[in-house]
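Some notes on the structure that comes next.
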Amino acid sequence: MHLDRLQDVIVAPATPAGVSAVAMVRVCGPQTLRMCDQVFKGNKRLSDMQGHRLVNGLILDGKQIVDEVIAAVYRAPHSYTTEDMVEFYLHGNPIIVDRVMDLLVDVGARVARPGEFTERAYLHGRIDMTQAEAVLAAIEAKTIDGIHSAMAQLRGDLSVKIEDFVSRIKTLVTNLEAQLEFPEEDLPEDSSAPVIKELLREVEDVRASFRRGRSLRQGLSVVLLGRPNVGKSTLFNALLGEERAIVTPVAGTTRDLVVGKMQLPGGQVRLFDTAGLAAARALPDKMAVRRAIGAANRADFLVIILDATSGFVAADEELLKLLQTKPGVVVWNKIDKVKKPPSLSEKSVKPLPLSALKRTNIDLLAARLTKEVSCKEGDVFFANRYQEDQLKRLAQKLRSGLDVAYMDMRAKELREALGLMTGADHSTVTEKILDDMFTRFCIGK
Ligand SMILES: Nc1nc2c(ncn2[C@@H]2O[C@H](COP(=O)(O)OP(=O)(O)OP(=O)(O)O)[C@@H](O)[C@H]2O)c(=O)[nH]1
Ligand SMILES: [Mg+2]
């Protein structure tokens, strides 16, 4: 259990391996100061020092000097993990770092696992899951925007939003239940629908900002989908501006997933070309279709390609259904071959007309993707998969709450929505989720 591990003193280098001007070794846990005093000799004992003080001295291996160092002392609860903590600033030679680590292990410290310092900050309640995730995001961010938004997250923006959602749903449930319980009282009519709609809009906004956040960190995953031969590979090449995927007039040309990077103003897209979706008989074709569907399931955004020369066919219907659960855009390709692309107004979609071959309107599609990756004021970017999934299910519950006709059913859906959200606090976060997250950190963080 995680709580047992909190008794250990842990040690780790907090700077990368290799030669540098300075290297830092971090130590924390209940007996930190006493242990460090066994290897460090300065003007003062570390255990006699106040917190937030620096002292210089020597790291000694018996009588031998290993290094002349500066030690920073943090006293519980005023440290990163809320425990007593020491940071040693050493000369940046990996041999010195290793020796200091060994000495500390000899006096009883344990080498920390990746992310264990941040995990302790979480287990001691100094930061919540979202903030821990933001620490990771700040380390991993590839752009300055990514770092800005990680900092916003570290201050707890998402947690505040989630608390707000929970309290508004609670009010809704209370009002609905009051009306159900005291129908004879002169209570106002059920006016929950517009409130739920507004909540749903805000939840979807937060979810969209996660996608934008991901695009800042690793690129938004955009998957091109369509029947065989509609021009997916041609469009893939047109968007990338290079002949990456093989194009032929033969249906079934693409089988493997082909991936390319698109740099857009405000973010990056990982674009996937896929095999055409059709009933497959031969094993390689079946595997190709399975792979395409897998990519669609993992995608952040879909581009559904319809062929303007064949018009809308029954198989396209299945593709449009995917857009009920995932954001995306529909395009009519091959408009160079038709006078006017067919209207799909009865399906309430308005496809973007383009020609991948003649490169017509490719800029409009790129602009649509740019909109999807660009940040907005007030974006909340960082959520782990668990939180994303939680908000996805919350959106589904709110949607079904809106769809039902009766007040008692609406109250039931909202109560279930609340049930989902209580998982956001410490008590129900499982060890598996913790481990999945903290092992993605580097050592010493
Ligand atoms: N006229 C016209 N032909 C196009 C256009 N886009 C693609 N094509 C042609 O359609 C054929 C199929 O194109 P691909 O890009 O290979 O189609 P695909 O959807 O990747 O096909 P599969 O990989 O087999 O599923 C090729 O002969 C392309 O030249 C277009 O905008 N206009
Ligand atoms: Mg293809």
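Counting convention: from 1, in listed order, for ligands and their atoms alike. Since the model is a prediction, treat every value here as computed from it, not as a measurement.
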Practice task
Nearest heavy atom to atom 4 (C) of ligand 1 wins, so pick from K334, K337, K358.
Solution key: K334

Practice task
Could you tell me which atoms of ligand 1, counted from 1 in the order shown, lie closer than 4.0 angstrom to a heavy atom of V250?
Solution key: 24 (O)

Practice task
With atom 16 (O) of ligand 1 as the reference point, say which of T248, D336, L225 has the nearest heavy atom.
Solution key: T248

Fill in the blank from the handout: re atom 13 (O) of ligand 1, the protein heavy-atom contact at minimum distance is T234 OG1, 3.5 Å

Practice task
Looking only at distances, please establish whether an N/O atom of ligand 1 is found under 3.5 Å from an N/O atom of A275.
Solution key: no

Handout entry: Derivation and outcome, side chain to side chain contact (heavy atoms under 4.5 Å, CB included), residues V258 and F236
Key = CA-CA 9 Å; V258 188; F236 178 78; 3.8 Å; yes

Practice task
Output yes if N229 passes the N/O/S-under-2.8 Å test against the Mg ion (ligand 2); output no otherwise.
Solution key: no

Practice task
Keeping the roles fixed (side chain from K350, backbone from S345), state whether a donor-acceptor pair exists under 3.5 Å.
Solution key: no

Exercise for the section: Please identify which atoms of ligand 1 are closer than 4.0 Å to at least one heavy atom of A251. Expected result: 24 (O)

Problem - Nearest neighbour of atom 24 (O) of ligand 1 from the list G252, G276, P228, G226, on a heavy-atom basis - result: G252

Handout entry: Shortest protein heavy-atom distance from atom 6 (N) of ligand 1, along with the residue and atom involved
Key = N333 ND2, 3.2 Å

Exercise for the section: Using distance alone, with no hydrogens and no angle criterion, decide if E83 and Y74 have a side-chain donor and acceptor under 3.5 Å apart. Expected result: no

Completion exercise
When distances are taken from atom 25 (O) of ligand 1, the protein heavy atom at minimum range is K232 NZ, 2.8 Å

Practice task
Measure the distance from atom 21 (O) of ligand 1 to every protein heavy atom, then report the residue, atom name and distance (to 0.1 Å) of the closest one.
Solution key: N229 N, 3.0 Å

Exercise for the section: For R99, look at atom CZ and say whether over 12 heavy atoms of other residues, nucleotides or ligands are found less than 6.0 Å away. Expected result: yes

Exercise for the section: Taking the side chain as every heavy atom from C-beta outward, state whether E372 and D300 have any atom pair closer than 4.5 Å. Expected result: no

Handout entry: Test side-chain hydrogen bond (donor to acceptor under 3.5 Å, both in side chains) applied to E202 and K161, K197, R168, the passing residue
Key = R168

Exercise for the section: Rounded to the nearest 10 degrees, what's the angle OG1 of T254 makes with OG of S233 at the Mg ion (ligand 2)? Could you check? Expected result: 90°

Practice task
Could you find the nearest protein heavy atom to atom 3 (N) of ligand 1 and give me its residue, atom name and distance?
Solution key: L357 CD2, 3.7 Å

Handout entry: Lys/Arg N to Asp/Glu carboxylate O, K347 vs E317, below 4.0 Å
Key = yes

Practice task
Give the residue, atom name and distance (to 0.1 Å) of the protein heavy atom nearest atom 23 (O) of ligand 1.
Solution key: T254 OG1, 2.8 Å

Practice task
Check whether any N, O or S atom of T253, backbone or side chain, sits closer than 2.8 Å to the Mg ion (ligand 2).
Solution key: no

Problem - salt bridge (Lys or Arg N to Asp or Glu O under 4.0 Å) partner of D307, the single match among K337, R227, K334 - result: K334

Practice task
With the side chain counted from C-beta on, respond yes when V303 and V223 share a heavy-atom pair under 4.5 Å apart, and no when they do not.
Solution key: no

Problem - Contacting atoms of ligand 1, where contact means under 4.0 angstrom from a heavy atom of P249 - result: 27 (O)

Handout entry: Under 4.0 Å to a heavy atom of V230 - the qualifying atoms of ligand 1, by number
Key = 19 (O)

Practice task
Measure the shortest side-chain to side-chain distance between V289 and T274 over non-hydrogen atoms and say whether it is less than 4.5 angstrom.
Solution key: no

Handout entry: Beyond-backbone contact of V25 with L104, side-chain heavy atoms, under 4.5 angstrom
Key = yes

